[in-house]
Amino acid sequence: MTELKSNKIKAGIIGGAGYTGGEMLRILINHPNVDIAFVNSTSNAGNYVYEVHTDLFGDTDLKFTSELSTAIDVLFLCVGHGDAKKFLEANDIPDSVKIIDLSQDFRLGQNSKFNNKNFVYGLPELNKDAIKSAQNIANPGCFATCIQLGLLPLTSKGLLNNEVHISATTGSTGAGQSLAPTSHFTWRNDNLSVYKVFNHQHLNEIGESLKQLQPDFNQAINFIPYRGDFTRGILASIYTNTDLTEDEALKLYEDYYADAPFTHVTNRSIDLKQVVNTNKVFIQVKVIDGKLFIVSILDNLLKGASGQAVQNMNLMFGLDEHSGLRLKATGF
């Protein structure tokens, strides 16, 4: 972890106009240990942040800028997939600046080294010690975070030895801010659809993490993603064969997440409104007729993106993991 030279972390944000950029701003504006040095958005340069993120009206007088300063401690890349690599190719970021990338560009092991920079996969429940000493972080994907947290306790004991079946539904913000035929209100409202069946891009990072804890894992992960007609959140239902009793499974999960401040385990029913607007993950564990049934839920823009990025920053700078992230769920 890094010792701060001043009282506050100086943060820069690239790509501040999108959904993850907006959530990053919302968190950092209220973070007790952070000053936002700049928010970069070429298309919005000169505009007030609240003119784009209207929920921040009254909270900040920051303006977007097209300029880039390296007089910062940490740089958040809230850009689209492929754009983080392009940005680092075009801009020389000093090694003294920590980078947290929210795209998928550096998540896989084969892509984790870029020029002179090494990226650590930033799932705190898997790599907390490595994150604390990392200079650069590849923030996990939203589906990947939700699903991995549902399965990691099993692989930690070498107990994931059968096929895994997953159905997971995400809110419309998971598609990003750019319009597409399936993100228009008239299409999404009162609708449900399946996409990228068995070949979603997050399967690669899920597989790498599972094998990190259980190297001999070689079973199929059957993943069916759904587009939901709600705005935020992911609910993943997972099942696999098991020899565990429910009490044994519950203890396994509780023990694994004992030091994970945002991940909470129960055998009671859970629902998305319990976690939307927070950095929490709730995991329900049941055993039914020899099958381990797991439900994992999170907010795709927070624990699935910007909230987890700030959690990683907190670890990198030796702060309390909760700093800036004590957020109240919508609930109702």
Side-chain angles (χ1 to χ4, degrees), residues 123 125 140 142-157 159-160 162-174 188-194 200 202 206 221-305 307-308 322 325-332:
L123 187 64
E125 293 82 358
C142 51
F143 268 135
T145 298
C146 193
I147 292 167
Q148 287 173 94
L149 294 180
L151 293 172
L152 288 179
L154 291 171
T155 58
S156 73
K157 299 297 184 183
L159 296 176
L160 192 58
N162 298 285
E163 274 192 281
V164 181
H165 301 272
I166 305 163
S167 295
T169 305
T170 185
S172 58
T173 52
R188 198 99 181 194
N189 187 51
D190 293 332
N191 204 1
L192 187 67
S193 66
V194 172
H200 193 279
H202 287 187
I206 293 168
I221 304 174
N222 304 296
F223 176 30
I224 303 176
Y226 292 79
R227 301 181 185 94
D229 68 342
F230 51 91
T231 302
R232 297 170 73 126
I234 292 174
L235 185 149
S237 62
I238 306 165
Y239 72 90
T240 187
N241 291 339
T242 187
D243 293 324
L244 296 172
T245 67
E246 187 166 312
D247 285 345
E248 289 170 338
L250 198 60
K251 186 176 188 308
L252 171 64
Y253 276 69
E254 288 173 340
D255 288 349
Y256 185 85
Y257 292 120
D259 296 321
F262 293 105
T263 304
H264 305 279
V265 179
T266 182
N267 59 357
R268 298 181 180 183
S269 295
I270 54 178
D271 63 84
L272 269 183
K273 283 191 174 182
Q274 292 175 281
V275 295
V276 168
N277 198 50
T278 79
N279 198 53
K280 295 178 181 178
V281 178
F282 286 0
I283 297 175
Q284 178 190 3
V285 178
K286 300 285 289 184
V287 174
I288 303 168
D289 296 334
K291 287 184 170 55
L292 178 60
F293 177 65
I294 305 145
V295 180
S296 180
I297 57 174
L298 54 70
D299 185 317
N300 58 291
L301 292 180
L302 289 174
K303 183 58 174 170
Q308 183 149 250
H322 283 105
L325 293 170
R326 296 185 183 276
L327 304 170
K328 167 69 172 68
T330 52
F332 47 83

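Side-chain atoms are counted along with the backbone in the values below, which use heavy atoms only and exclude waters and symmetry mates. None of the values given here were measured: they were computed from a predicted structure.
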Among residues at least two apart in sequence or on other chains, which ones pass side-chain contact (heavy atoms from CB on, under 4.5 Å) with Y257? E125, L149, L152, P153, Y253, A260, T263, V265, I283
So L298 and I234, do their side chains get closer than 4.5 Å, heavy atoms only? yes
I'd like to check I221 versus L151 (side-chain heavy atoms, cut-off strictly below 4.5 Å). Are they in contact? no
Those residues that, when tested against E246, pass salt bridge (Lys or Arg N to Asp or Glu O under 4.0 Å) (two or more places apart): K286
Partner residues of R268 under the salt bridge (Lys or Arg N to Asp or Glu O under 4.0 Å) criterion, sequence neighbours left out: none
Pairwise side-chain contact, I147 with H202, heavy-atom cut-off 4.5 Å (strictly under): no
Just jot down the side-chain contact (heavy atoms from CB on, under 4.5 Å) partners of N162, sequence neighbours excluded, or say none. T240, N241
side-chain hydrogen bond (donor to acceptor under 3.5 Å, both in side chains) filter on Q284, not counting sequence neighbours, yields none
So, applying side chain to side chain contact (heavy atoms under 4.5 Å, CB included) with K273, which one of I270, V276, D271 is it? D271
Between L325 and G307 the two heavy atoms that sit nearest each other are CD1-O, 3.6 Å
When the side chains of residues 289-297 are checked against the rest of the protein, which donor-acceptor pairs come out under 3.5 Å, sequence neighbours left out?
{"unit_1": "S296", "atom_1": "OG", "unit_2": "C146", "atom_2": "O", "d": "2.8"}

Contacts of T266 meeting side-chain hydrogen bond (donor to acceptor under 3.5 Å, both in side chains) (sequence neighbours excluded), chain-then-number -> none
Here the pair of heavy atoms bringing P261 nearest to H322 is CB-CE1, 3.4 Å
Any residue meeting salt bridge (Lys or Arg N to Asp or Glu O under 4.0 Å) with K251, in chain and number order, not counting sequence neighbours: D255
Going by the rule side-chain contact (heavy atoms from CB on, under 4.5 Å), which residues pair with A305 if we only count those two or more places apart in sequence or in a different chain? T20, L102
Closest heavy-atom pair and its distance - K280, T278: N-OG1, 3.0 Å
For a 4.5 angstrom cut-off between non-hydrogen side-chain atoms, does L123 reach Q148? yes
Rounded to the nearest 0.5 Å, the CZ atom of F230 sits from the CG atom of L272 at a distance of 5.5 Å
Assess the residue pair K157 and L252 against the criterion (side-chain contact (heavy atoms from CB on, under 4.5 Å)); give the C-alpha distance rounded to whole Å, side-chain angles, the decisive distance to 0.1 Å, and a yes or no. CA-CA 9 Å; K157 299 297 184 183; L252 171 64; 3.5 Å; yes
Member of T330, T173, D299, T170 meeting the side chain to side chain donor-acceptor pair (under 3.5 Å) criterion with R232: D299
Taking every heavy atom of A249 against every heavy atom of V287, the minimum-distance pair comes out as CB-CG2, 4.1 Å
Who pairs with E163 by side-chain hydrogen bond (donor to acceptor under 3.5 Å, both in side chains), at least two apart in sequence or on another chain? N222
Which residues pass the ring pair (Phe, Tyr, Trp, His ring centres under 6.0 Å) test with F223, not counting sequence neighbours? F143, H200
side-chain hydrogen bond (donor to acceptor under 3.5 Å, both in side chains) involving T155 - partner list, sequence neighbours excluded: none
